[in-house]
Amino acid sequence: MRIGVLTSGGDSPGMNAAIRSIVKVGVGRGHEVLGVQNGWAGVLAAEARPLTLADVDGISRMGGTVLGSARSKIFPTVEGQRQARERVKQLGLDGLVVIGGNGSLTGAHELGRSDAPCKIVGLAASIDNDVGHSGLAIGVDTAVNTIVEACDRISDTAAAHRRVFIVEVMGRNCGYLAMRSGVAAEADAILYAEKQIGEDELVEKLRTLISSSFAAARHKKRVLIVKAEGVKVKTAALVERLGKHLETEVPGVDVRETILGHVVRGGSPTATDRVIAQRLGFSAVAALEEGAHDLMLSWEPPGGFGEKTADPSVRRVGLQDMIDETKRVLDGTSAVTQARLKLLAQVEGLLAL
Ligand code: F6P
């Protein structure tokens with residue numbers, strides 16, 4: 001087979017390990033592997049070249065993606081899809097592995113659902129962990145560890161000055177990164193959009209939390225609030241409003257903000273991300289060899305959803321099923337989101353103790 005591989009959307013640590021695995025397994029089994037540059041934009045421009053074992057040697061430890069990534073505006077259009085089908089045929093691909101988040105995998109489904117130019121399989125890769133029926137997408141573990149490390153550093157200096165820090169983390173509309181890293185970093189509060197709460201109520205809650213945290217008897221040295229970027233209230237607005245209250249309520253205590261932004265997306269992938277990426281890559285080649293199409297290889301999907309594979313941690317999930325579940329994850333109706341909210345509600349009152 002001639003197998004194409006591309007990375008699309010926001011890059012995530014571990015994408016390179018997945019590319020390496022696809023090349024190692026693909027070439028090792030006698031296939032030709034073509035690396036498509038810059039995601040769907042590269043498909044439209046037919047920018048692809050054969051990848052050798054030497055090309056992928058040592059790339060597993062690198063963050064970002066050696067193939068480049070992009071968010072193409074043309075690809076999702078009818079004309080973009082028509083052009084993409086043509087280019088895939090020109091490239092002579094028998095199979096295409098798409099490594100990306102829910103937007104990129106939705107694009108893969110659109111391209112492959114009628115008049116498919118080749119077999120298409122996806123690998124969930126997004127730091128946001130918002131891909132439906134995926135337990136842990138490629139990049140999430142690294143992002144969580146990066147956030148925790150940053151929060152630990154901030155905690156050192158915050159404690160030295162008895163300060164409040166609001167640390168904003170990526171995740172788009174999904175609070176998973178904030179929830180998981182907040183618990184690990186001993187945050188006093190975790191703010192996420194899935195818990196819909198108005199600005200005034202939020203300020204009141206934080207004000208009470210901060211005042212009680214700095215009560216003399218508590219001997220508390222810092223307050224750490226981890227906030228998901230999806231929360232509507234701007235971090236700067238929170239800092240300003242809380243700062244005004246604290247001037248009189250706990251004089252001498254400052255509120256500061258740190259927006260981690262793209263720091264969260266970069267860096268060398270953790271061993272967990274490398275292993276997940278490699279095993280998903282291996283399973284992708286195996287799936288294409290079996291003629292599989294229009295599906296995603298998923299790492300430990302909640303509830304064991306999907307079709308079993310030779311790898312006990314990897315399941316095959318239809319791309320349409322992924323799209324439907326992603327909507328539920330984001331609008332809060334998924335059992336996964338409900339379970340996350342329930343768990344956080346149980347510990348919420350305990351965080352600031
Ligand atoms: O989807 C990954 C992600 O990093 C989100 O967490 C974030 O909201 C978005 O991408 C940022 O995208 P860009 O780098 O295109 O601004």
Side-chain angles (χ1 to χ4, degrees), residues 127-130 140 143-215 218-267 340-341 343-345 347-353:
I127 61 163
D128 303 339
N129 216 29
D130 58 354
V140 177
V144 168
N145 279 286
T146 302
I147 295 169
V148 172
E149 191 195 333
C151 286
D152 287 351
R153 286 168 188 254
I154 287 168
S155 289
D156 287 346
T157 173
H161 293 267
R162 288 188 89 223
R163 279 180 175 153
V164 178
F165 264 86
I166 304 180
V167 179
E168 184 184 304
V169 302
M170 274 193 171
R172 207 181 281 273
N173 299 314
C174 180
Y176 181 89
L177 283 182
M179 294 173 186
R180 194 162 175 95
S181 53
V183 169
E186 293 189 13
D188 299 278
I190 304 171
L191 316 181
Y192 39 93
E194 289 88 335
K195 180 173 177 174
Q196 287 155 3
I197 173 168
E199 180 169 337
D200 290 345
E201 193 186 344
L202 185 58
V203 170
E204 270 318 298
K205 279 196 162 192
L206 292 177
R207 182 180 163 185
T208 311
L209 178 137
I210 295 166
S211 298
S212 64
S213 295
F214 284 118
R218 298 280 303 278
H219 304 295
K220 213 163 151 50
K221 294 200 173 88
R222 65 92 166 118
V223 167
L224 175 69
I225 300 164
V226 176
K227 173 180 178 280
E229 68 172 341
V231 174
K232 293 274 181 298
V233 187
K234 291 258 180 295
T235 302
L238 276 182
V239 170
E240 198 189 326
R241 290 189 62 179
L242 288 170
K244 281 202 183 114
H245 288 304
L246 298 182
E247 266 169 24
T248 49
E249 286 164 16
V250 267
V253 169
D254 252 2
V255 189
R256 300 290 181 97
E257 69 179 87
T258 299
I259 297 180
L260 293 180
H262 289 80
V263 167
V264 172
R265 221 160 74 184
R340 284 177 191 166
L341 288 174
L343 204 63
L344 264 288
V347 295
E348 194 180 21
L350 307 173
L351 290 176
L353 288 179

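Contact annotation: the side chain of His245 never approaches that of Leu206 to less than 4.5 Å [non-hydrogen atoms, C-beta and beyond]. At least one side-chain heavy atom of Val140 sits less than 4.5 Å from a side-chain heavy atom of Tyr176. Counting heavy atoms from C-beta outward, Val226 and Ile166 have side chains that stay 4.5 Å or more apart. Between Val255 and Val223, every side-chain heavy-atom pair lies at or beyond the 4.5 Å cut-off. Using a 4.5 Å heavy-atom cutoff, the side chains of Val253 and Val164 are in contact.
With rounding to the nearest 0.5 angstrom, the NZ atom of Lys205 is 13.5 Å from the CD1 atom of Ile210. Once rounded to the nearest 0.5 Å, the distance linking CD of Gln196 with CG of Leu202 reads 13.0 Å. Note that NZ of Lys220 is 9.0 Å distant from OG of Ser212, once rounded to the nearest 0.5 Å. A distance of 11.0 Å separates CG of Leu260 from CD of Glu149, quoted to the nearest 0.5 Å.
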Criterion side chain to side chain contact (heavy atoms under 4.5 Å, CB included) on Tyr192 and Leu341, from CA distance to verdict: CA-CA 10 Å; Tyr192 39 93; Leu341 288 174; 3.4 Å; yes
- request: Assess whether side chain to side chain contact (heavy atoms under 4.5 Å, CB included) is satisfied between Arg162 and Arg222, documenting all intermediate values.
  value: CA-CA 5 Å; Arg162 288 188 89 223; Arg222 65 92 166 118; over 6 Å; no
query: What's the verdict on side chain to side chain contact (heavy atoms under 4.5 Å, CB included) for Lys234 and Glu199, showing C-alpha distance, side-chain angles and the deciding distance?
result: CA-CA 9 Å; Lys234 291 258 180 295; Glu199 180 169 337; over 6 Å; no
task: Apply the test side chain to side chain contact (heavy atoms under 4.5 Å, CB included) to residues Cys174 and Glu194: give CA-CA distance (whole Å), side-chain angles for both, the deciding distance (0.1 Å), then the verdict.
output: CA-CA 7 Å; Cys174 180; Glu194 289 88 335; 4.2 Å; yes
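Environment of CD in Glu240: sparse, with no more than 12 heavy atoms of neighbouring residues, nucleotides or ligands closer than 6.0 Å. Enclosure of atom CZ in Arg218 by more than 12 non-hydrogen atoms of other residues, nucleotides or ligands within 6.0 angstrom is indicated. Heavy-atom neighbours of Arg163 CZ from other residues, nucleotides or ligands within 6.0 Å: above the threshold of 12.
Checked by atom type and distance alone, the side chain of Thr208 pairs as donor or acceptor with a backbone atom of Glu204 at under 3.5 Å. Using modelled atom types, no side-chain atom of Glu168 and backbone atom of Thr258 make a donor-acceptor pair closer than 3.5 Å. Looking at Glu229, its side chain does come within 3.5 Å of a backbone N or O of Arg172 through a donor-acceptor pair. Proximity of a side-chain donor or acceptor of Asp188 to a complementary backbone N or O of Leu224 within less than 3.5 Å is detected. Checked by atom type and distance alone, the side chain of Thr157 never pairs as donor or acceptor with a backbone atom of Ile154 at under 3.5 Å.
Heavy atoms only, all atoms of each residue included: Ser181 and Val144 are closest at CB-O, 4.0 Å. The shortest heavy-atom contact between Leu242 and Arg207 is CD2-N, 3.8 Å. Nearest heavy atoms, Gly175 versus Ala228: CA-CB, 4.2 Å. The two residues Ala189 and Leu209 make their nearest non-hydrogen contact at CB-CD1, 4.2 Å. Between Ile190 and Ala178, the shortest heavy-atom distance links the atoms CG2-O, 3.5 Å.
Checked against Leu177 for a side chain to side chain contact (heavy atoms under 4.5 Å, CB included), the options Asn129, Ile147, Thr146 give a single hit: Ile147.
Ion pairing of Asp200 with Arg241 is present here, as a side-chain N (NZ or NE/NH1/NH2) and a carboxylate O approach within less than 4.0 Å.
Side chain to side chain, Thr235 and Glu257 fail the donor-acceptor criterion of an N or O pair below 3.5 Å.
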